[in-house]
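Predicted, not measured: the structure shown is a model, and the values here were computed from it.
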Amino acid sequence: MFEMVIYVSIFCFSLSMLGLIYRVIKGPTMPDRVVALDAIGINLVAVVALGSIALRTSEFLDIILLIGILAFIGTVAFSKYLEKGVIMERDRDGNY
């Protein structure tokens, strides 16, 4: 019974990611696309965690952390780019 719940949850998260991919492609504004990309990262973490539970292993925990960190950094970079137009600011000497 528990395994069936996990498989149904993985299926639901996968369907959610399909909807989010549609929002990334057809999003009316750029902030909508950024939020959809962030939500895809969160759903991907959930699917990997559920797969780890289904396989009864803890080997995927490093992957979960890596995906979470990369999704966060990507969201921050996109947000900063949308707000200011640049990701890394330079001073007058050309240094970052």
Side-chain angles (χ1 to χ4, degrees):
M1 177 69 183
F2 184 68
E3 289 181 1
M4 185 59 125
V5 171
I6 290 174
Y7 294 137
V8 169
S9 299
I10 290 173
F11 179 74
C12 290
F13 278 116
S14 300
L15 283 179
S16 173
M17 280 197 278
L18 286 176
L20 290 167
I21 289 171
Y22 174 77
R23 180 55 52 201
V24 168
I25 295 169
K26 298 289 275 190
T29 63
M30 190 59 76
D32 290 332
R33 292 182 172 124
V34 171
V35 170
L37 280 174
D38 188 42
I40 287 173
I42 293 168
N43 282 347
L44 190 60
V45 167
V47 167
V48 173
L50 287 170
S52 177
I53 292 170
L55 296 174
R56 292 188 170 104
T57 182
S58 62
E59 297 297 321
F60 296 118
L61 295 180
D62 295 335
I63 296 170
I64 292 170
L65 287 172
L66 181 66
I67 293 170
I69 290 169
L70 289 176
F72 174 74
I73 290 172
T75 302
V76 170
F78 274 128
S79 300
K80 188 171 181 183
Y81 176 73
L82 288 176
E83 182 179 331
K84 295 185 178 182
V86 294
I87 295 175
M88 296 178 68
E89 297 176 5
R90 295 182 184 196
D91 59 5
R92 292 183 180 169
D93 297 331
N95 299 324
Y96 290 104

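- Scanning all heavy atoms of the two residues, the minimum distance from Ala39 to Leu20 falls at CB-CD1, 3.6 Å.
- Among residue pairs with one or both ends in residues 5-22, those qualifying as side chain to side chain donor-acceptor pair (under 3.5 Å) are Ser16-Asn43; sequence neighbours excluded.
- For residues 24-53, there are no salt bridge (charged side-chain N to carboxylate O under 4.0 Å, His left out) pairs, not counting sequence neighbours.
- Taking hydrophobic clusters as Ile, Leu, Val, Met, Phe, Trp and Tyr residues chained together by side-chain heavy-atom distances below 4.5 Å, Phe13 does not share a cluster with Leu18.
- Under the 4.5 Å side-chain heavy-atom criterion for ILVMFWY residues, no single connected hydrophobic cluster contains both Val48 and Phe72.
- The minimum heavy-atom distance between Val47 and Met17, with the atom names listed, is CG2-CE, 3.8 Å.
- In this structure, the separation between CD on Glu59 and CG on Leu61 is 8.5 Å, given to the nearest 0.5 Å.
- Cluster annotation: Tyr81 and Ile73 are assigned to distinct hydrophobic clusters (Ile/Leu/Val/Met/Phe/Trp/Tyr, side-chain heavy-atom contacts under 4.5 Å, transitive).
- For Glu3, the salt bridge (charged side-chain N to carboxylate O under 4.0 Å, His left out) test picks out Arg56, with sequence neighbours left out.
- Using a 4.5 Å cut-off between side-chain heavy atoms of Ile, Leu, Val, Met, Phe, Trp and Tyr, with links allowed through other members, Ile42 and Ile40 fall into different hydrophobic clusters.
- Between Thr75 and Leu37 there is no side-chain heavy-atom pair separated by less than 4.5 Å.
- Between the side chain of Ser52 and the backbone N or O of Thr57, at least one donor-acceptor pair lies under 3.5 Å.
- Hydrophobic clustering (ILVMFWY, side-chain heavy atoms < 4.5 Å, transitive): Val24 and Val34 are in one cluster.
- Between Ile10 atom CD1 and Ile53 atom CD1 the span is 9.0 Å, to the nearest 0.5 Å.
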